[in-house]
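Here the structure comes first, spelled out in C-alpha cells, and everything after it is commentary.
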There are 2 protein chains.
Amino acid sequence: MNTLAEENYLKSIYHLSIDAGNVSTNQIAASLNTKASSVTDMLKKLADKALINYTRYQGVSLTPAGEKIAVNIIRKHRLWEYFLVEKLKFKWDQVHDMAEEMEHISSAELIDRLDEFMDYPQHDPHGEPIPDCNGRFNASELKAISTLSVNNCGTIAGVRDHSSSFLQYLEKQQLTLGKKISITEIVEFDHSVILQTENKKEIHISREVANNLLIAL
Amino acid sequence: MNTLAEENYLKSIYHLSIDAGNVSTNQIAASLNTKASSVTDMLKKLADKALINYTRYQGVSLTPAGEKIAVNIIRKHRLWEYFLVEKLKFKWDQVHDMAEEMEHISSAELIDRLDEFMDYPQHDPHGEPIPDCNGRFNASELKAISTLSVNNCGTIAGVRDHSSSFLQYLEKQQLTLGKKISITEIVEFDHSVILQTENKKEIHISREVANNLLIAL
DNA sequence: TTCATAATTTAGATAAGTCTAAATTTTTTA
DNA sequence: TAAAAAATTTAGACTTATCTAAATTATGAA
Ligand SMILES: [Mn+2]
Ligand SMILES: [Mn+2]
Ligand SMILES: [Mn+2]
Ligand SMILES: [Mn+2]
C-alpha cells in the first residue's frame with residue numbers, strides 16, 4: 001500500500017490544510033522535522049501516485065484519494081488513543097506518541113472491530129472527533145479561548161496542542177475536558193486571559209494557552 | 001532501538017534455534033522469504049551490535065542480549081494475538097498476520113498494561129506460552145501427535161503451523177484447542193494417524209498434520 | 001519595476017535493506 | 001582424498017528516504 005513515510009506526509013498535509021488552502025514545502029518540513037529538500041522529493045512521489053495536487057513552487061493540496069488515506073490514518077490514531085486512555089488507563093498526556101506508531105497498523109477490519117469494541121466513541125481523549133469507518137465525521141465546532149470575550153462561558157472540550165508538557169500544565173491547573181469556565185478579564189497588554197472555574201477559582205492563562213485550549217459554547 | 005528488519009531477524013533466529021543448535025544462513029533466508037546474501041549482510045550488522053554469535057560459514061546463535069529482544073517481540077506478538085481473539089473476537093486463524101505488525105509497537109508500558117488488562121494470559125490462541133514482563137515463561141511440554149503411540153490419549157493444546165490454511169482445516173475437522181482425542185491407529189505405510197474424538201467420531205489425519213498438532217497428555 | 005531576500009527545487013551523497021551474479025568455503029560423494 | 005555439489009559470502013547495483021550545498025524561482029520593499 002503506502003509506506004510509513006508517505007502516510008506521515010499525507011497526514012501532515014491534511015492537518016496543515018485545515019487552516020490554510022495550499023500547504024507549503026516549508027510548513028511540511030517544519031511539521032515533520034525534516035528538510036525542505038526531502039519534502040520536495042516526497043511531494044513528487046505523492047503527486048506521481050495522484051495523492052496530492054502539486055505544481056512546482058506553488059504548494060500542495062490533497063486529492064480525494066490522498067484525503068481518504070489521511071482521514072483513515074487519523075481515524076486509527078484517535079481510536080488507539082481512546083483505547084489507551086479508556087481501556088489501558090493511560091493519561092491523556094501519555095498516549096499521542098504511542099498512537100503515532102499504532103496508526104500505521106494496516107488492517108481495516110482490526111480498526112473497525114476496535115471501534116465496535118469501544119462502542120463507537122465520537123471523540124478522542126483530546127476532544128478531537130473520530131471519523132467513522134467511511135471517513136465521515138463532524139468538523140469540530142470548538143473555539144479557542146482566545147476568540148472569546150469577557151463574560152462568555154463554556155465547557156473545555158478540546159486542545160490544539162497535544163504535547164505532554166501542555167497537557168500536564170492543563171492537568172495541574174485543573175483545566176481538563178468537561179470543566180466549565182467563564183471569561184473574567186482579557187488583559188489588554190499581553191492578551192492573557194483570566195478565567196473563572198465552576199467553583200469560583202480564578203486562573204490566569206497566557207495568550208499561548210488561550211490559543212490552544214478549545215471551548216464548546 | 002532496533003529496526004523492524006533487525007527485530008524480524010532476531011525473532012526468526014530465536015524460533016529456528018529451538019530445535020537446532022546453530023542456525024544457518026539458508027534457514028533464516030527461507031523463514032524470512034529473503035535471499036541468503038541479504039541474510040549475510042544482516043548477520044554482520046547484528047554481530048556488530050553483539051546480538052548474535054557469528055563466525056563466517058558457521059551459522060549463528062543469539063547472545064543473551066539478542067535473546068532478550070527476541071523474547072520480548074514474541075511476548076508482544078502473543079499478547080496481541082490474545083487480544084485480537086479474546087477482546088475483538090477474531091478467529092485464531094485470522095490473527096497471526098496482524099500480530100506480525102503489532103509486535104513491533106515499541107512501548108514496554110503499553111504491552112505491560114495490555115497484559116494486565118487481559119489478566120495475564122498464559123497462552124496465546126495457538127497454545128503458545130506467553131512470556132511475562134521479565135521474559136520468563138515455561139517451555140512448552142506439548143508433544144506432536146506424530147510422537148504418540150496407539151491408545152495414547154490427550155488434549156489438543158497447540159499447533160506448530162500458524163497458517164490460515166492449516167488452522168481452517170483443523171476448524172473444519174473440529175480439531176480445536178481443548179478437544180480430547182485418542183490414537184486409534186497409526187498407518188504403517190504413510191504414517192498417517194487415525195484419531196477418535198470424545199464423541200467417538202473417527203478422524204484420519206496425514207503425517208504432516210500429525211507433526212503440527214500438539215497434545216497435552 | 002528592480003533587486004534583495006526568502007522559499008523552493010535540483011544535484012550529488014549517504015545509510016538501510018534488498019537483489020543478482022560471481023567468488024569462496026564447506027560438505028558430500030565417489 | 002579429490003572432485004562435485006551445496007552453502008555461504010562478496011561485489012556491485014538498486015530503492016527509499018534522508019541530508020547539505022548550490023541553483024533557481026517567487027515575493028515584497030524600495
Ligand atoms: Mn494524538
Ligand atoms: Mn488526540
Ligand atoms: Mn502468530
Ligand atoms: Mn500464536
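Reminder, nothing fancy here: chain letters follow the sequence lines and each chain counts from 1. Only heavy atoms go into these numbers, but all of them, side chains included; no hydrogens, no water, no symmetry mates.
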Are a donor atom and an acceptor atom from the side chains of [X] and [Y] found within less than 3.5 Å of each other?
{"X": "B:Asp190", "Y": "B:Ser192", "result": "yes"}
{"X": "A:Glu128", "Y": "A:His162", "result": "yes"}
{"X": "B:Ser31", "Y": "B:Ser12", "result": "yes"}

Please report the distance, rounded to the nearest Å, between [atom1] in [X] and [atom2] in [N].
{"X": "B:Tyr9", "N": "C:dA16", "atom1": "OH", "atom2": "C1'", "answer": "11 Å"}
{"X": "A:Leu4", "N": "D:dT16", "atom1": "CG", "atom2": "C1'", "answer": "12 Å"}
{"X": "B:Lys44", "N": "C:dA15", "atom1": "NZ", "atom2": "C1'", "answer": "16 Å"}
{"X": "B:Asn2", "N": "C:dA16", "atom1": "CG", "atom2": "P", "answer": "13 Å"}
{"X": "B:Lys49", "N": "C:dA15", "atom1": "NZ", "atom2": "C1'", "answer": "13 Å"}
{"X": "B:Leu32", "N": "C:dC19", "atom1": "CG", "atom2": "P", "answer": "10 Å"}

Would you call [X] and [Y] a salt bridge, using N to O less than 4.0 angstrom?
{"X": "B:Arg75", "Y": "B:Asp115", "answer": "yes"}
{"X": "A:Arg78", "Y": "A:Glu103", "answer": "no"}
{"X": "A:Lys49", "Y": "A:Glu6", "answer": "yes"}
{"X": "B:Arg113", "Y": "B:Glu109", "answer": "yes"}

**Message:** Does D:dT20 have OP1 or OP2 under 4.0 Å away from a side-chain N or O of A:Lys35?
**Reply:** yes
**Message:** Is the phosphate of C:dC19 approached by B:Ser38 (side-chain N or O, under 4.0 Å from OP1 or OP2)?
**Reply:**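 Yes, because at least one side-chain N or O of B:Ser38 sits under 4.0 Å from OP1 or OP2 of C:dC19.
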**Prompt:** Would B:Met118 and B:Phe83 satisfy side chain to side chain contact (heavy atoms under 4.5 Å, CB included), going step by step from the backbone distance to the final call?
**Reply:** CA-CA 7 Å; B:Met118 302 189 299; B:Phe83 172 77; 3.5 Å; yes
**Asked** Any N or O donor-acceptor pair linking the side chain of A:Ser37 to the base of D:dT20 at under 3.5 Å?
**Response**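 By the distance-only test, yes, there is a pair.
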**Asked** Of the residues in residues 99-107 of chain A, which ones touch DNA chain C at a heavy-atom distance under 4.0 Å?
**Response** none
List, with names and distances, any nitrogen or oxygen atoms from the protein found under 3.5 Å away from nitrogen or oxygen atoms belonging to nucleotides 5-8 of chain D.
residue, atom, partner, partner atom, Å
D:dT8, OP2, B:Asn26, N, 2.9
D:dT8, OP2, B:Asn26, ND2, 3.4

**Request:** Could you tell me the separation between the NE2 atom of B:His126 and the CZ atom of B:Phe166, rounded to the nearest 0.5 Å?
**Result:**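 B:His126 NE2 to B:Phe166 CZ: 10.5 Å, rounded to 0.5 Å.
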**Complete:** d(A:Leu213 CG, A:Ile156 CD1) to nearest 0.5 Å is 4.5 Å
Quick test: give all pairs of protein nitrogen or oxygen and nucleotides 12-15 of chain D nitrogen or oxygen below 3.5 Å, distance rounded to 0.1 Å.
none

**Request:** With A:Ile13 as reference, evaluate A:Leu51, A:Asn22, A:Leu62 under the side chain to side chain contact (heavy atoms under 4.5 Å, CB included) test and give the passing residue.
**Result:**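 Answer after filtering A:Leu51, A:Asn22, A:Leu62: A:Leu62.
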